[in-house]
Amino acid sequence: MPTDNQGAVLQLTAAGVTVLIDATDGQLPAIIHWGPEIPALTADQAQTMVQASVPVAGSNTVDLPPRPSLLPGQHSGWTGRPGLRGSFNGIGWSPKFRTRTLALNGTPATGFISSGAGVLEFSAVDDAERLRLDLVLELLPGGLLRSRARLTNLCDMAYAVEDLALSFPIPAEASELLDFAGNHNYERVPQRGTLRTGTHLRENRKGRTGADSAYILHAGTPGFGFGHGDVWAVHTAWSGNHQHYAEHVFTGEQLLGGGELLLPGEVLLGRHDSYSSPWIYASFGAGLDEVAHRFHAHVRSRSPRLSADRPVTLNVWEAVYFEHDADKLIDLAERAAAVGVERYVLDDGWFGSRRDDTSGLGDWVVSADVWPTGLHPLVDRVHALGMQFGLWFEPEMVNPDSDVARAHPEWIMAARTDLPVESRHQQVLNLGIPEAYEHVKEQILALLAEYRIDYIKWDHNRDLIEAGNQLDGGRPGVHEQTLAFYAMLGEIRSLHPGLEVESCSSGGARIDLGVLEHTDRVWVSDNIDPHDRQNMLRWTTQLLPPEYLGSHIASGRSHTTGRQHGLAFRAGTAVFGHLGVEWDLAKAPAEDISALHRWIAFYKQERCLLLTGDVVRMDGHDSNVLVHGVVSGDRSGAIFAAAALDSLYPDPAGRLKLRGLDPEATYRVEPVFPGATPSGLLPPAWWGQPTAAGQTVESTSLRGTAQDGVVFPGANFPGGVLATVGVASPRIHPDQVVLYRITRAG
Ligand code: GLA
């Protein structure tokens, strides 16, 4: 087949990462190196590198050396996972693609090119000219790599796409895996293992990202941690069925890959139809923090960037659940405003017959029973108090006992004549049906037109099981549903550009970079217990920076775990995210209200740093104390936390070490207690004598405590000493936290 492309070798380098790509001889691009930055090569050196990356043939293997491309195929002798599975009713199942055009940043690329961040576009056609493959490989300015594919059927026969996954090679030393498990109320639980011959495959068939989502699949040098080891990672940016995998083939090649997971017959391409894959992101870093920083840099590069003044939010869910009473909710708004809340969110229960979770879901009309004059009294009062107003929706779901389900039973997703098994008394509304899509969209738009709504909490509280299209014989509909969800968010936001949207899904079951293209906040978990949140925040930041993480202060007794915690631990945990309150303030003790006020004031004072800095998580030798913090981009300051999650062992805890500061600069390190000091506190000598006993919070710029008025002066240390030598830790009781404010001295 003729090709107008001479091929190219490309070296892209950004933010300490280099990708070296062999796209010679019309072959699909193969990554020769993805990892730490290497010096800029000459054309001759690059050519030699291409040769030097070719392995010799193993005994009794095919005569072509293995060369897994972004989309590996059997025509090259590859016997690992193919990048593309599909056929024209059994034929054309092993396409051999030849690249016809290749461009870097829109300009045709040939020979050897060395460049910074950039976008590579490959257009290839298979040798039978039945399929076209368009591949994009992009190195982003923060060193994050991403790729996606579009497959187009060029002929009259229908092509069934069974699977399309993109993969990135990793070196042999990346032998330890880390990804995530989890469940409702305890999301993103890390799990480690060894990459052995075969495939570590994480498949999701839940039609949403999932509380047990693999989230990010890492492979690294054995024992890698937050601050050490070389780590490679992939993330599939898709909120429907999806997959992540790590593969080690017998010839020694290792790949990390991801893609959408397609159900049987879900994507059938007629002539000139295309299937587009989601973005697959790939992040390399020296340690997990650097891997995370590349994701954060990308999320933060969106325009406009989220303001650091993220409004302190009150969500009414754990305060009232379904007991909507206008007077009570207005009273809650007044109490919220009084402690400094800036956004008030009315959760589930305001619409249709939704007096509990058995009825009314899907009827997005304000309930006249609960709100005889509409939501106006509440919305108006919230705005008059100077707060934004947010409203909860669950647009993809219905209770069978709802007006919409009664009127349109055919809009419920089902694969057979029976409906799927219920979950939380609900079924899924098929937004892939245009009339259903328009119905839901119009109901939401009508509310946005009637009320000044600044914010939507967009929920999604069940898995998609047997999610087919009744109007099409039950054909799988998860792919279409996911696209329709993104499209609806896109339409609504383009009509209401200032509207913020939170992605919630039974807590944290829809957090991925696909949904993050359309939303501004995620609800980390329905579990607000700070003991568990310490871990969930620690790991959710592996993908998202803190300003995206809904992080609430709830009542003293956790509604999900029954554990009891003081406000200092609840608040000292929650301030490392987008702060909120989810608590019936009418029932809160007076001393808690005044301490909550001070915590919110502390947050407002520090949120620019807390929500824009670099996340640092320390690798603890003492597993009972979690140390983490945020360091400002210019290294002028930081806020760290050391949280004891269990009885100290050893006791006292080991030295506190802090990474990420300028090793040459001197920093003042002060413990800060916006509320009470932690129980069981025995301060180390370097904290100094309490010097401001009796001063009020206001007169000590929030350093003091209301309960004991103690202010510790702290001490000065070089940044390098804090990172390498460390300083003595205090004693504290379990489930207590100490915050440190760190300021460059002089
Ligand atoms: C889900 C959410 C909660 C709340 C309820 C309402 O569980 O995660 O925050 O909104 O739905 O039904």
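Order of listing sets the numbers, starting from 1, for every ligand and every atom in it. One-based numbering along the sequence shown.
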Original post:
Looking only at heavy atoms, is any part of His184 under 4.0 Å from ligand 1, and if so is it the side chain, the backbone, or both, or is it neither?
Top reply: neither
Original post:
Looking at atom 2 (C) of ligand 1, what's its closest protein heavy atom, distance included?
Top reply: Asp459 OD2, 3.1 Å
**OP:** Examine the side chains of Glu260 and Asn241 and answer whether a donor and an acceptor come within less than 3.5 Å of each other.
**Re:** no
Original post:
Is there a nitrogen or oxygen of Trp317 sitting under 3.5 Å from a nitrogen or oxygen of ligand 1?
Top reply: no
Original post:
Has ligand 1 got any nitrogen or oxygen that is less than 3.5 angstrom from a nitrogen or oxygen of Cys504?
Top reply: no
Original post:
Between Leu611 and Arg300, what is the shortest heavy-atom contact and its length?
Top reply: O-NH2, 3.4 Å
Original post:
If we ignore angles and hydrogens, is there a donor and acceptor under 3.5 Å between the side chains of Asp454 and His383?
Top reply: yes
**OP:** Among all protein heavy atoms, pick the one closest to atom 12 (O) of ligand 1 and tell me residue, atom and distance.
**Re:** Asp348 OD2, 2.6 Å
Original post:
Any salt bridge between Arg510 and Glu396, counting N to O under 4.0 Å?
Top reply: yes
**OP:** Only heavy atoms count here, so choose which of Val345, Asp356, Asp347 is nearest to atom 10 (O) of ligand 1.
**Re:** Asp347
**OP:** Mind listing the closest non-hydrogen atom pair of His298 and Leu513 along with its distance?
**Re:** CD2-CD1, 4.4 Å
**OP:** Rounded to the nearest 0.5 Å, what's the gap from CE on Met397 to CZ on Arg424? Could you check?
**Re:** 10.5 Å
**OP:** Considering heavy atoms of the protein only, find what lies nearest to atom 7 (O) of ligand 1 and give residue, atom and distance to 0.1 Å.
**Re:** Asp526 OD2, 2.9 Å
Subject >> Intermediate values then yes/no, side chain to side chain donor-acceptor pair (under 3.5 Å), Glu435 and His408 >> reply: CA-CA 10 Å; Glu435 295 78 10; His408 292 286; over 6 Å; no
Original post:
Can an N or O of Asn461 be found at a distance shorter than 3.5 Å from an N or O of ligand 1?
Top reply: yes
Original post:
In terms of residue, atom name and distance, what is the protein heavy atom nearest to atom 9 (O) of ligand 1?
Top reply: Lys457 NZ, 2.7 Å
Subject >> Which segment of Ser506 sits under 4.0 Å of ligand 1 when only heavy atoms are counted >> reply: backbone
**OP:** Under 4.0 Å from a heavy atom of Gly507: give me the atoms of ligand 1 that qualify, with their elements.
**Re:** 8 (O)
Original post:
Closest approach of His578 and Tyr603, non-hydrogen atoms and distance?
Top reply: CA-OH, 3.5 Å
